[in-house]
Amino acid sequence: MTMKRWIGAAAGVLMAFAAMPAQAADKVVLMLNWYVYGEHAPFYYGKAKGIYAAEGIDLEIQEGRGSAATTQAVAAKTADFGYVDVPTMMRAAIKGAPVIATGVLLQTSPMSVMGFVDKNIRKPEDIKGKTVAITPADSMTQIWPLFLKKTGLKESDFKTVAGDGQTKLNAVINGQADLLLGYVMDQSMKIKDATGKDVYPIKFADYGINMVSSGIIANTDYVKANADLVRRFMSATTKAVEAAEKDPKAAAQSILDANPKGGKIDTLTQGFELTIPLYRTAETKSKRPFQVTDQNMTDSVNLMVEYGGLDAKAKENPKAFYTNDYLPKSGS
């Protein structure tokens with residue numbers, strides 16, 4: 001009788017245990033820098049392939065309205081993580097915003113001056129006598145004087161027209177400008193979607209302008225309070241990038257699967273393929289994504305102080321803006 005009771009009690013415990021719900025995944029909100037485009041493919045691919053779920057993360061991806069706005073959302077804790085232009089985050093952080101980069105993905109600058117291939121503008125010398133469309137005060141326009149200095153050009157060598165982001169695109173599409181300042185994987189694809197014509201970018205990085213670009217940021221208090229979650233998120237995101245690199249078209253398709261109005265498969269794929277070379281520098285070519293070097297960050301801070309409106313005190317401690325401590329170790 002005692003044995004029967006023991007067996008019955010044990011069975012009851014097992015049944016109760018089996019009925020208990022599995023531990024709920026951690027809800028995480030990632031806010032992008034802008035409306036979705038090819039660069040964002042790894043996040044959607046990682047979610048679709050269960051890479052985030054495998055790390056116990058229920059990921060929600062939200063579109064953004066610019067890196068500055070996303071940085072503000074992360075600082076205010078209305079988003080857990082942001083994917084933003086890291087130099088833009090630096091400008092907020094130096095003014096007191098509680099934000100830090102937990103991984104720098106684009107370690108080579110995507111900035112360029114671009115025009116239609118059939119205009120045959122392939123080198124800085126070809127810009128002379130042309131019209132360049134810019135957006136005042138955006139990140140590219142701030143670095144533009146350095147590009148001119150590096151290439152021996154003067155403002156008087158060409159004509160400039162100014163407007164917001166869409167006006168800038170329209171100026172090139174409609175023939176009012178020959179070139180615009182844009183990212184190799186972003187504006188070039190928007191122009192191609194609108195016209196069907198290819199664009200040629202003259203890349204700033206090819207002329208000695210070494211500066212980081214997009215990365216993952218988080219609120220500094222959030223990082224301290226959720227260290228394990230931050231590690232799991234960065235582990236999943238690293239794996240998502242690596243998986244997406246191996247199958248760019250499938251990664252791009254994951255954007256459309258989640259957001260059918262998110263673009264066209266050909267230009268989303270091409271845009272992502274143009275993003276992949278920006279993940280690493282000569283120093284990090286054998287490393288996993290996000291493993292930015294201290295020298296790259298120091299160089300970026302110095303450039304931003306000189307040309308990008310960053311307070312000079314930023315040079316005292318570049319490491320205040322980023323950490324690699326939450327990235328997965330090699331092979332993990």
Margin query: Assess the residue pair E306 and K315 against the criterion (salt bridge (charged side-chain N to carboxylate O under 4.0 Å, His left out)); give the C-alpha distance rounded to whole Å, side-chain angles, the decisive distance to 0.1 Å, and a yes or no.
Written below: CA-CA 10 Å; E306 186 170 359; K315 296 172 77 169; over 6 Å; no
Would you say that [X] contacts [Y] through its side chain, given a criterion of any heavy-atom pair below 4.5 Å between the two side chains?
| X | Y | value |
| --- | --- | --- |
| E155 | T160 | yes |
| T108 | R280 | no |
| F272 | E39 | no |
| I57 | R232 | yes |
| L106 | M185 | yes |

Could you grab the distance from atom [atom1] of [X] to atom [atom2] of [Y], nearest 0.5 Å is fine?
| X | Y | atom1 | atom2 | answer |
| --- | --- | --- | --- | --- |
| I61 | L30 | CD1 | CG | 6.0 Å |
| R91 | F321 | CZ | CZ | 11.0 Å |
| M189 | D198 | CE | CG | 7.0 Å |
| K224 | I100 | NZ | CD1 | 9.0 Å |
| M297 | M211 | CE | CE | 11.0 Å |
| Q107 | S213 | CD | OG | 11.0 Å |

Check: Only one of K123, R122, K128 clears salt bridge (charged side-chain N to carboxylate O under 4.0 Å, His left out) with D126; which?
Finding: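 One option only clears the test, and that one is K123.
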Notebook entry, point to check: Would F290 end up clustered with L32 when hydrophobic side chains under 4.5 Å apart are linked, directly or stepwise?
Noted result: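 Yes: a chain of side-chain contacts under 4.5 Å links F290 to L32.
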Note to self: Against K150, only a single residue in L146, L148, L153 fulfils side-chain contact (heavy atoms from CB on, under 4.5 Å); can you say which?
What the structure shows: L146
Considering all heavy atoms, the nearest [X]-[Y] contact:
| X | Y | answer |
| --- | --- | --- |
| I191 | L180 | CD1-CD2, 3.8 Å |
| A243 | I51 | CB-CD1, 4.1 Å |
| G103 | M234 | CA-CE, 3.9 Å |
| A252 | T269 | CB-OG1, 3.4 Å |
| G152 | D157 | O-OD2, 4.4 Å |
| I127 | F147 | CD1-CE2, 4.1 Å |

Item checked: Pair Y52-F43, ring-ring contact (aromatic ring centres under 6.0 Å, His included): steps then yes or no -> CA-CA 9 Å; Y52 287 98; F43 308 119; 7.5 Å; no
Regarding [X] and [Y], is there a side-chain donor-to-acceptor distance under 3.5 Å anywhere?
| X | Y | value |
| --- | --- | --- |
| K168 | Q187 | no |
| E283 | T281 | yes |
| Q295 | D299 | yes |

Next item on the list: Check T102, D294, N296 against Y322 for a side-chain hydrogen bond (donor to acceptor under 3.5 Å, both in side chains) and give me the one that passes.
Entry: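 For Y322, the side-chain hydrogen bond (donor to acceptor under 3.5 Å, both in side chains) check succeeds only for D294.
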With distance as the sole test, does [X] use its side chain to make a donor-acceptor pair with the main-chain N or O of [Y] at under 3.5 Å?
| X | Y | result |
| --- | --- | --- |
| N226 | L229 | no |
| T284 | V292 | no |
| S112 | G182 | yes |
| K47 | L59 | yes |
| S67 | V84 | no |
| R288 | K329 | yes |
| D178 | T131 | yes |
| T70 | M31 | no |
| D80 | V29 | yes |
| D247 | A244 | no |

Next item on the list: Classify the ring geometry between Y222 and F81 as parallel (under 30°), tilted (30 to 60°) or perpendicular (over 60°).
Entry: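 Rings of Y222 and F81: perpendicular, as their planes differ by over 60°.
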Kindly check if the number of other-residue, nucleotide or ligand heavy atoms within 6.0 Å of [atom1] ([X]) is above 12?
| X | atom1 | result |
| --- | --- | --- |
| K130 | NZ | yes |
| Q62 | CD | yes |
| K203 | NZ | no |

Notebook entry, point to check: Do F158 and W144 make the cut of ring centroids closer than 6.0 angstrom?
Noted result: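 Yes, the ring centres sit under 6.0 Å apart.
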Margin query: Listing request: all side chain to side chain donor-acceptor pair (under 3.5 Å) pairs with a residue in residues 249-267, at least two apart in sequence or in separate chains.
Written below: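 Output for this query lists D193-T267, Q253-D257.
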Note to self: Apply side-chain hydrogen bond (donor to acceptor under 3.5 Å, both in side chains) to residues T141 and D138 and explain how you reach the verdict.
What the structure shows: CA-CA 5 Å; T141 302; D138 75 359; 2.8 Å; yes
